[in-house]
Amino acid sequence: MWCRQRQAGPTLRVVHLHGLMADIVSRAGLASRLPDASPTDLFEALYPELCVEALLSELGPQFDALIVDEGQDLLLDAYVDVFNGLLADGLNGGMWRVFLDPYQDVFENTGMKGLSRFLQAHPAQYRLSLNCRNTAPIATAASLMSGAPLDLVICPEGPEVVQEWYDGDVQQRHAVSGVLRRGIHQGIRPAEIVVLSPRRFENSCLADGLAAVPAPLTDLAKGAPTSGAIRFSTVHAFKGLESTAVALVDLDDIATARGAAAVYVGASRAQALLAVFIKQTEKDVYGRRAFDFGRRVVSR
């Protein structure tokens with residue numbers, strides 16, 4: 001989230017919404033009223049409630065302009081209350097921009113009520129329809145597997161997407177290791193590779209590490225990667241980032257909205273090279289998605 005503070009001279013702050021709410025609650029002396037609760041309850045209900053109270057009764061609006069990125073994850077009604085309180089003249093009269101992609105809603109937090117409150121201010125709306133990151137094969141694979149629209153691609157050329165089917169984690173681990181090993185032997189630097197999974201590292205097919213790959217594997221959740229390491233991250237944590245090469249693993253659910261969003265986000269992180277590893281049980285869903293993709297392309 002990008003904000004221009006209310007003070008003399010232009011001042012820009014780039015903040016995480018949860019951290020900003022915690023800071024405001026603390027500055028207003030309200031932190032002692034937070035109960036012992038789950039992180040979900042704290043950040044989706046309790047922090048927003050106290051933050052709005054602090055803004056209305058103690059601190060007042062904090063910013064003259066507000067830019068919300070990854071808006072699809074931040075449209076809970078309680079968060080919109082916070083945005084309204086943060087902004088001088090509120091959402092109806094203030095200066096704001098929201099950037100969102102409903103196909104990246106891996107947290108399933110796109111709230112229609114929250115979105116409607118932004119739309120009540122009658123903002124200008126514009127759909128970004130030019131893909132500036134992916135090659136055509138990657139964009140095609142992301143669209144086919146997820147059902148998301150296929151936008152015009154600036155860079156049409158690129159290697160074909162590697163697609164592997166697996167039955168279990170042991171087989172998948174060896175398949176992933178083989179693809180990464182061949183890629184490194186063909187000249188891809190390990191630091192250019194990220195392995196993305198809907199699961200955390202300890203629950204992924206690579207929990208026991210890679211097999212006979214000439215580079216270490218570093219879990220980004222535990223810190224910065226070591227020099228020359230292949231990175232591992234959850235799809236959720238890698239949102240908004242990109243990498244030259246992506247191996248998208250543990251795809252055992254592409255049918256649900258959450259699974260399709262994870263596939264779309266993970267695949268679209270790749271700039272030039274993509275390998276996807278899909279469980280055999282998803283073949284029927286994949287076939288239906290491929291058929292639907294063909295119909296969409298023909299009807300354009």
Side-chain angles (χ1 to χ4, degrees), residues 69-70 72 99-106 126-166 172 175-198 213 215 220 225 230-251 254 259-278 282 285-287 289-300:
D69 196 15
E70 304 291 352
Q72 69 277 352
F99 296 87
L100 63 89
D101 182 349
Y103 296 99
Q104 292 195 42
D105 189 13
V106 293
Y126 184 76
R127 183 178 182 272
L128 301 174
S129 59
L130 191 62
N131 186 332
C132 303
R133 173 187 290 136
N134 310 128
T135 62
I138 293 171
T140 298
S143 176
L144 186 154
M145 290 188 295
S146 68
L150 178 62
D151 292 326
L152 181 64
V153 178
I154 286 181
C155 179
E157 302 300 326
E160 290 301 309
V161 172
V162 175
Q163 185 171 296
E164 299 269 352
W165 297 91
Y166 69 90
Q172 184 183 189
V176 174
S177 298
V179 169
L180 296 184
R181 188 165 54 246
R182 289 193 296 272
I184 291 172
H185 287 161
Q186 291 167 3
I188 305 171
R189 294 187 298 113
E192 296 178 312
I193 303 171
V194 63
V195 178
L196 299 180
S197 171
V213 175
L220 294 181
I230 296 170
R231 296 160 292 163
F232 179 96
S233 174
T234 64
V235 172
H236 300 66
F238 211 72
K239 274 167 53 65
L241 303 176
E242 58 191 31
S243 181
T244 301
V246 169
L248 184 56
V249 305
D250 298 321
L251 298 181
I254 65 172
V263 169
Y264 174 74
V265 173
S268 61
R269 301 307 93 196
Q271 296 172 296
L273 300 166
L274 174 64
V276 295
F277 299 82
I278 313 171
E282 302 303 291
V285 177
Y286 182 92
R289 290 267 167 83
F291 180 77
D292 290 342
F293 176 81
R295 288 198 306 179
R296 283 187 280 129
V297 171
V298 169
S299 63
R300 290 177 64 170

*Asks:* For V235 and L248, run side-chain contact (heavy atoms from CB on, under 4.5 Å): C-alpha distance rounded to whole Å, both residues' side-chain angles, the deciding distance at 0.1 Å, then the answer.
*Replies:* CA-CA 9 Å; V235 172; L248 184 56; 4.0 Å; yes
*Asks:* Considering all heavy atoms of both residues, which atom of L220 and which atom of F238 are nearest to each other, and what is their separation?
*Replies:* CD1-CE1, 4.3 Å
*Asks:* In Å and rounded to the nearest 0.5 Å, what is the CD1 to OG1 distance from I154 to T135?
*Replies:* 12.5 Å
*Asks:* Provide the closest heavy-atom pair for L251 versus P198 in the form atom of the first, atom of the second, distance.
*Replies:* CD2-CG, 4.4 Å
*Asks:* Hey, are the side chains of Q172 and D250 touching, using non-hydrogen atoms and a 4.5 Å cut-off?
*Replies:* yes
*Asks:* Do other residues, nucleotides or ligands put more than 12 heavy atoms under 6.0 Å from the CD atom of E160?
*Replies:* no
*Asks:* Heavy-atom distance under 4.5 Å between the side chains of L180 and I230, does that happen here?
*Replies:* yes
*Asks:* Could you tell me whether the side chain of T244 reaches within less than 4.5 Å of the side chain of I193, counting heavy atoms only?
*Replies:* no
*Asks:* Measuring from H236:NE2 to S197:OG, what's the distance to the nearest 0.5 Å?
*Replies:* 10.0 Å
*Asks:* Is there a donor-acceptor contact under 3.5 Å from the side chain of Q163 to the main chain of F277?
*Replies:* no
*Asks:* Using every non-hydrogen atom in the two residues, find where N131 and R133 come nearest and quote the distance to one decimal.
*Replies:* OD1-N, 3.0 Å
*Asks:* Give, for atom OG of S146 and atom CD1 of I254, the distance between the pair rounded to the nearest 0.5 Å.
*Replies:* 9.5 Å
*Asks:* Please report the C-alpha distance between R295 and D292 in whole Å, then the side-chain angles of each, then the deciding distance to 0.1 Å, and finally whether the salt bridge (Lys or Arg N to Asp or Glu O under 4.0 Å) criterion is met.
*Replies:* CA-CA 5 Å; R295 288 198 306 179; D292 290 342; 3.3 Å; yes
*Asks:* Given the rule in the salt bridge (Lys or Arg N to Asp or Glu O under 4.0 Å) test, do R269 and E242 qualify, once you have shown the distances and angles that lead to the verdict?
*Replies:* CA-CA 4 Å; R269 301 307 93 196; E242 58 191 31; over 6 Å; no
*Asks:* Shortest non-hydrogen contact from M145 to V276?
*Replies:* CE-CG1, 3.8 Å
*Asks:* Whether the N134 and Q271 side chains hold a donor-acceptor pair (N or O, under 3.5 Å, no angle test) is what I'd like checked.
*Replies:* no
*Asks:* Looking at side-chain heavy atoms only, is the closest gap between F232 and L196 below 4.5 Å?
*Replies:* no
*Asks:* Does one side chain, of R231 or S243, offer a donor that lies under 3.5 Å from an acceptor on the other?
*Replies:* yes
*Asks:* Determine the minimum heavy-atom distance between D151 and R127, stating which atoms define it.
*Replies:* OD1-NH2, 3.0 Å
*Asks:* Is any side-chain heavy atom of V161 closer than 4.5 Å to one of I138?
*Replies:* yes
*Asks:* Measure the OH-CD1 distance between Y286 and I278 for me, rounded to the nearest 0.5 Å.
*Replies:* 6.0 Å
*Asks:* Of all heavy-atom pairs between G158 and P137, which one has the smallest distance, and what is that distance?
*Replies:* O-CG, 3.5 Å
*Asks:* Should L150 and F293 be marked as a side-chain contact (heavy atoms from CB on, under 4.5 Å) after you check the CA-CA gap, both sets of side-chain angles, and the distance that decides it?
*Replies:* CA-CA 9 Å; L150 178 62; F293 176 81; 3.9 Å; yes
*Asks:* Hey, could you give me the CD1/CZ distance between I188 and R182, rounded to the nearest 0.5 Å?
*Replies:* 10.5 Å
*Asks:* Evaluate the side-chain proximity of V162 to E164: yes if any heavy-atom separation is below 4.5 Å, no if none is.
*Replies:* yes
*Asks:* Hey, what do you get for CZ (F291) to CZ (R296), rounding to the nearest 0.5 Å?
*Replies:* 12.0 Å
*Asks:* Ignoring hydrogens and angles, tell me if any N or O in the side chain of S268 forms a donor-acceptor pair with the backbone of V265 under 3.5 Å.
*Replies:* yes
